[in-house]
Each structure stands twice: as C-alpha cells, then as structure tokens.
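Numbered from 1 within each chain, the chains take letters A, B, ... in sequence-line order.
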Number of protein chains: 2
Amino acid sequence: MRDLKEEILQTSLDLFDLHGFHGVSVNQIVEASGTSKGGFYHHFQSKDELLFVIHDTFITYVFKEAQAANVHHSSPTQKIQAIIHSFVQVFDLYKPHISVFYQESTYLKPAYKAQIKQKRDEFKNMIFLVIKEGQESGEFRRELPVEITGMAVLGMVNWIYKWYKRDGAYTIDQIAEVFTDLTLHFLLPSSKSPASMEDLLHVPFFYDNK
Amino acid sequence: MRDLKEEILQTSLDLFDLHGFHGVSVNQIVEASGTSKGGFYHHFQSKDELLFVIHDTFITYVFKEAQAANVHHSSPTQKIQAIIHSFVQVFDLYKPHISVFYQESTYLKPAYKAQIKQKRDEFKNMIFLVIKEGQESGEFRRELPVEITGMAVLGMVNWIYKWYKRDGAYTIDQIAEVFTDLTLHFLLPSSKSPASMEDLLHVPFFYDNK
DNA sequence: GAATAAAGACCGACTAGTTGGTCTGTTTTT
DNA sequence: AAAAACAGACCAACTAGTCGGTCTTTATTC
C-alpha cells in the first residue's frame, strides 16, 4: 500500500545528501528503505537510473518555475527579481536533490548526462536572455558582459546549497531578498539604482546591523 | 630521477577532475602514472591521504594569498578588490585542484575533513571581516547582512570552477574585473558608486557589446 | 676512490572484502 | 489465472591495501 518507489527515492536522497552517491551502496539504500534488492531493481533499472531521476526531478521543476516567472512579468527588472526569488526558494524545498545535482552529476552515465545538460542549458540561457533584454531596453547597465554577469548570478544562488540550513541564522526569504538587492544593484545603472530601489525593496530586517 | 610523487599527484588530479574521486581506482592512477601499487603506497598512506593532500595544497595557497592582500592594503575597498582578484586568478592556476576540492570533500575522512574545514573557515571569516570593516568605516552599505553578502561573493567566485575554461570566450582577468565591478557595485553606496568607480575600474574590454 | 653497508624507492602478485546487478521463487494485487 | 510487486541467496567484477622481495641511491669505512 505504501509507495515503495517514493520511499526509495526519499531515503536514497537523504543518504546521498549525507554521504554522497558513492558513499552509499544499493544494499544500504535497500536496508534503510525497508525493502530488498528485488524491490529496488523492480522500480529502477540501475543505481544510475535512480541518480538520473533525482537530477531530472529537480531541474525540470526549476526550469518550469523560471519559465512561469518569465511569462508573468513584462519588464526585465521584474523578471530577474521573480526568477531569483523563486530560484532561491527552491533551495529550501529541494535541498537534498540539489546537493546530489551539483555534487554527483559527474557520475551520470553519458546518455543521462546529455539530457540533464540540455535542460540545464535552457535554464541558463533564460537568465542570459533576461539580462540581454534588460540591456537592450536600457534598464540594465550595457557595459556588463552578459555571460559573466549571468554566471555571477547563477554562482551566487547555486552556492546556497553549500551553506544554507533551515535552522540557520537567516530564512530563505531573507536570503532571496538580499540576493535580489545585490543583483539589482549591479545590474541597474548607478543613477537609477538608489531612488527606484526603495520602491522595489522594502528593506525588512536590515536595520539590526549595529 | 623524475619526481614520482609529483607525477602521481598531477596524474590523479587530472583523472579526478575528469571522472571524480570514486570514478578513478588506485590501479588506474598507478597505470596512468607509469608506476605500481608499491610506488603509490610508498608515497601515500592511502587513497584518502592523496585526496587530503590535494585539498590542503589548494586551500593553503588561497588563504595565504588572501592574507597577503589583506595586509598589503589599507582600505576595505582595496582589500576586497585585491582578494577577489587574486582569488579569481586561482581558478586558472588550480583548476583541477579546485574541482576536486568542491566536488569530493564529502569523501574526506573525518580527521582530514576537520583540518580542511578549519582553513576554509578562516578564509571565509577574512572576507566577512573585510566587509564588516568596510561597513564600520562607512565605505560599504550598512544595510547589508555581512554573512549573506559574504556568501554571495564566495558563491559567485567559487562557481567559476563549474564553467571556466582556458580557451573560453573570456580570460580569467576579464572575469576578475567584472566580478570586482559587480561586487563593488553592490557594496558601495549608490551615490558613491558611479563617480568613484571610474577611477577604480578602467573598463577595458566592455565596449564590444553592441 | 673502491668496497661495503644501510636506507630509501619501487615492483607486482596476492588477498579479503565490497560492489552493483541477476535470477529463481514467493506473495500480493487485479 | 495472470500480472505486477517484492524477497533474498547468489555471483562475477572490482576495490583499496599488503607484503616479501629487488633495485638504486646515499653514507661510511678503509
């Protein structure tokens, strides 16, 4: 009656998050999920397929979220704000998936790796496009090279998985707000930046810096 | 006559970079280095020690560089500029080390892991301190929470290892300049930002954006 | 400087344990 | 009754690491 496949996924997700893909054997997964080798291989062709499913679940979600943010807003500033915000939120929702995604993608079999890479690139290009769009409309600083700037944003956000903890000093919302603040500060021309920022950022918890 | 230990290090570094720590067996290392099991275990106590040496080499270097930058400059703005610049350069010098450092640290044995973590934390704290110093002196925006802002900088730079390639579209110097530009743009108060920036950033290759 | 001794560098067959995966059989659901 | 869901003993391949032995370099003595 219980969904064994889901059980295996959750269990292995937690184990991989703790010990890495190669730090966990199929036997360990099987034991921790309260099943058997037979149970495992009934639902997954191989350990590698399990790894792929984890990757795919996550990247598919992120991409759809970004796409929604892209469609529902008109100005590049609003778009990048929405993308960063939803993207950062993901790190609270999908923490274990993400750890696996960024730590273990090396070990994906070529056929799987290619699929993941494609979706990942699409997401990356969406961010690049928004930046370019913003530059062309004159909202964003034209001096910035799109790729480097885009990778800066991606790096800043992606790195969250290395340090974010639910019970840490900052909530995921606070992180999202600061990161959008930082991003807009380097994207928007300095003249525009301070004045119009006040409308966008409702500076919630910042004043506790003594 | 050749330095076998160094040969093993370089070879395994390249192999780990390509296939990950667990994707490469000691036998493969031994074969690719043109030596034997005996040769390997004469120089390294275990495969785990090899992993540690790679980690330690890199983090020790980075920390010393940052420390130097910290001492040789007085103002926080100059410090953060120097730190980012030298830090980004490292990604050209130590690419394989860094891949291993960020991908495989999960697999360090506890005793080794503790050592690395300490050095890594020291480096992180140096960046936090510079930001805090800048806020206290009034150079940097006081609204920003130190930790989140610091992790943004770290993430932005650290992520380089995922995408930088020597024969890519941008040199490591270009990346370093853009990243310091971005960082100063969100650290410095908006009023200061544009005017004083022109002195700091000699905007070299930016005008090729059509 | 030749002879000898000692230490370090290196070799490779071997082992004990673990790994992902299979296969036959049983139970449970449709 | 047939098909899907699961169990668990089993296996071949591979793993990190060992160990007795050899070669090469260095130190010491005559």
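- The nearest whole Å value for the distance from the CG atom in N27(A) to the P atom in dA9(D) is 12 Å.
- Put simply, CG on L50(B) and CD1 on I29(B) are 5.5 Å apart, with the number rounded to the nearest 0.5 Å.
- When the C1' atom of dG20(D) is taken as reference, atom OH of Y41(B) falls 18 Å away, rounded to whole Å.
- Among the heavy atoms of the strands lying under 4.0 Å from K47(A) are primed sugar atoms or P, OP1, OP2 only; no base atom is included.
- Between H43(A) atom NE2 and dA7(D) atom P there is a gap of 9 Å when expressed in whole angstrom units.
- You'll find the ring centres of Y112(A) and H55(A) outside the 6.0 Å limit.
- Listed by residue number, there are no residues of residues 8-20 of chain B with a heavy-atom contact under 4.0 Å to DNA chain D.
- Sparse packing is recorded around NZ of K132(B), with 12 or fewer heavy atoms of other residues, nucleotides or ligands lying under 6.0 Å away.
- Rounded to whole Å, atom P of dT25(D) lies 14 Å from atom NE2 of H42(B).
- When the C1' atom of dT15(D) is taken as reference, atom NZ of K37(B) falls 8 Å away, rounded to whole Å.
- Under the 6.0 Å cut-off for aromatic ring centres, W159(B) and Y102(A) qualify, their centroids lying closer than that.
- In this structure, a donor-acceptor pair under 3.5 Å is absent between the side chains of S105(B) and K113(B).
- As judged by a 4.0 angstrom heavy-atom cut-off over every strand, V30(A) is placed among residues making no nucleic acid contact.
- As a whole-Å value, the separation of H22(A) NE2 from dA16(D) C1' is 15 Å.
- Summarising the geometry, the separation between CZ on F21(A) and P on dT19(C) is reported as 13 Å, rounded to the nearest angstrom.
- Heavy-atom neighbours of Q118(B) CD from other residues, nucleotides or ligands within 6.0 Å: at or below the threshold of 12.
- The nearest whole Å value for the distance from the CG atom in D3(A) to the C1' atom in dC6(D) is 14 Å.
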